[in-house]
Amino acid sequence: IHRDARGIPSISVTNRKDIYTALGFIHAQDRYELLTYYLYASRGYLSKLLGKELKPIDTFSTVLGFARKAQLIEKKLSDTAKSYILAYANGINMYNKARNNTSDKKWLSTDVISVFLMMHWVQGYMNNKDLIFQMPKSVMSSAIREFFPADLLVVYNNELKDTLNLTRSLKKLLKKYFSSFLKGYGVHVAKKYTTTGNPILFYNYLHSIGVYPGWVPVNIKFNGEKIQGLTHSGMPFIFAAKTKNFSYQIFSLAIDTQDFDIYKVKKINKIIKYNYNGIWKDFKTIRNPILGGKDNEHSVTWVTETGPVLN
């Protein structure tokens, strides 16, 4: 690994696994605090690091169980995919070892997956249509209904006020502290419209943390091929790249992929149940280990047929 006068890293490797190890090392070298920030967020421990304002993010991270789901996903991955993700985590750990940092725990492959799950969940949450126009039933009129698109309008009564306030406050926090990491624009100009006869492809990725962005450019030399790539801290992927033969960029579609479901609940024989398709059902519970807590310290998540209970 070496850097040019502008500090942009270049890596020379002879096998694919070393690419991921080098990426982990470079990301830790340039953005270690940001990696720690993402890891704490994915484990529901961010408020311990930055204060009580971020408690809602911790609550959602714990309820959604990014760390728990990461363990399930890892079991389903191919051996090759596991080795690449572990190599990335080892690259971060190599940086820690090089600077004699023994206070932070070692990164595992499940930590990498957990961060990626969280970032994609944030992306989906920011695009959730149920969070755009929320109107109390008491102020609704035919004029308001005509003004707002029906698929973007949520009308609520007082019973839902606190829950919707929670979803809105979380969106503000996510926008402030995370935003959408694969949001931006890409432009392709066909070769018949250029003066050189070559197609042109250019792009821009937007990020809320403008003074300390997650994006890290990198040049890779592998088996005689040169790749100009753009990577993101905490994730072992090359989201945009250019070689002598082709170029590409990856964006996430800005679409609504999440649903909020509302269920009636009541106590039956001193047990709280919820009504699902006319049947009163028991909530399932999942125990989540608390990062930084004692060995036997867990939080408990209630789960319905359609997902975890947020409020």
Side-chain angles (χ1 to χ4, degrees), residues 42-44 55-76 113-114 116-175 252-290 298-311:
S42 71
R43 288 297 188 94
K55 188 64 178 176
I57 293 179
D58 286 349
T59 300
F60 271 66
S61 294
T62 303
V63 166
L64 293 165
F66 299 124
R68 183 183 69 252
K69 290 180 180 178
Q71 294 176 346
L72 298 176
I73 289 174
E74 186 192 37
K75 294 177 181 178
K76 298 179 181 180
I113 299 170
S114 179
F116 190 58
L117 286 175
M118 180 199 67
M119 296 296 281
H120 264 289
W121 179 83
V122 170
Q123 184 96 350
Y125 196 89
M126 299 301 292
N127 291 319
N128 195 310
K129 291 181 179 180
D130 293 338
L131 301 172
I132 298 177
F133 299 119
Q134 296 178 346
M135 293 285 182
K137 194 174 182 179
S138 58
V139 302
M140 284 305 299
S141 65
S142 58
I144 291 178
R145 288 188 181 276
E146 289 181 8
F147 183 79
F148 292 100
D151 62 330
L152 302 181
L153 181 62
V154 173
V155 181
Y156 64 90
N157 54 33
N158 285 334
E159 290 181 353
L160 290 177
K161 183 178 179 180
D162 291 341
T163 298
L164 292 180
N165 284 340
L166 175 64
T167 61
R168 285 196 297 269
S169 64
L170 179 64
K171 184 176 181 179
K172 290 180 181 178
L173 286 173
L174 292 176
K175 185 176 181 179
S252 286
L253 294 176
I255 57 177
D256 184 357
T257 59
Q258 299 176 353
D259 291 317
F260 293 119
D261 295 311
I262 302 167
Y263 295 114
K264 291 182 178 180
V265 297
K266 72 175 182 179
K267 279 188 177 181
I268 300 176
N269 296 327
K270 298 183 179 181
I271 298 175
I272 298 178
K273 297 177 180 284
Y274 70 100
N275 193 292
Y276 179 72
N277 292 338
I279 301 173
W280 290 101
K281 308 194 72 166
D282 292 329
F283 289 97
K284 297 178 182 177
T285 56
I286 297 175
R287 295 174 65 85
N288 303 293
I290 296 177
H298 293 76
S299 64
V300 177
T301 299
W302 287 22
V303 181
T304 69
E305 292 287 337
T306 55
V309 177
L310 302 182
N311 196 27

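Just so it is clear, the values below take in all heavy atoms, side chains as well, and ignore hydrogens, waters and symmetry mates. Counting begins at 1 with the first residue of the sequence.
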Next item on the list: Give the C-alpha distance, both sets of side-chain angles, the deciding distance and a yes or no for side-chain contact (heavy atoms from CB on, under 4.5 Å) between F148 and I144.
Entry: CA-CA 6 Å; F148 292 100; I144 291 178; 3.5 Å; yes
Margin query: Working note: F283 + I271, criterion side-chain contact (heavy atoms from CB on, under 4.5 Å); need CA distance, chi angles, decisive distance, verdict.
Written below: CA-CA 9 Å; F283 289 97; I271 298 175; over 6 Å; no
Next item on the list: Would you sort out whether W280 and K264 count as a side-chain contact (heavy atoms from CB on, under 4.5 Å), showing the intermediate values?
Entry: CA-CA 9 Å; W280 290 101; K264 291 182 178 180; 4.2 Å; yes
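Here the CZ atom belonging to F260 is positioned 12.0 Å from the OG1 atom belonging to T306, to the nearest 0.5 angstrom. Summarising the geometry, atom CG belonging to N311 is positioned 5.5 Å from atom CG belonging to L166; distances are rounded to the nearest 0.5 Å. Interatomic distance, CG of L164 versus CD of E159, reported as 12.0 Å (0.5 Å rounding). Here the straight-line distance linking atom CG of L131 with atom OH of Y125 works out to 4.5 Å at 0.5 Å rounding. For the atom pair CG of L310 and OG1 of T163, the computed distance is 9.0 Å after rounding to the nearest 0.5 Å. Here the CZ-CG distance, from R68 to L117, works out to 11.0 Å after rounding to the nearest 0.5 Å.
Although no hydrogens or angles enter the test, the distance criterion places a donor-acceptor pair under 3.5 Å between the side chain of D256 and the main chain of Q258. The backbone N or O of D130 sits less than 3.5 Å from a side-chain atom of Q134, completing a donor-acceptor pair.
Residues L64 and M118 form no side-chain contact, since every pair of their non-hydrogen atoms from C-beta on lies 4.5 Å or further apart. Residues Y274 and K281 have side chains in contact (heavy-atom distance under 4.5 Å, counting atoms from C-beta outward). W121 is not listed as a side-chain neighbour of S61, based on a closest heavy-atom distance of 4.5 Å or more. Counting heavy atoms from C-beta outward, K171 and N128 have side chains that stay 4.5 Å or more apart. At least one side-chain heavy atom of W302 sits less than 4.5 Å from a side-chain heavy atom of T285. Here the side chains of V63 and V309 are not in contact, with every heavy-atom distance at 4.5 Å or above. Considering only heavy atoms from C-beta on, I262 comes within 4.5 Å of L160 through its side chain.
Considering every non-hydrogen atom in both A70 and S114, the closest pair reads CB-N, 3.7 Å. Taking both residues in full, the closest heavy atoms of F133 and P149 are given as CE1-CD, 4.3 Å, listed atom of the first, atom of the second, then distance. Among all heavy-atom pairs drawn from P308 and T301, the shortest one is CB-CG2, 4.0 Å. Smallest separation of non-hydrogen atoms from G124 and T257: CA-OG1, 4.1 Å.
No more than 12 heavy atoms of other residues, nucleotides or ligands shown are found within 6.0 angstrom of CG on N158.
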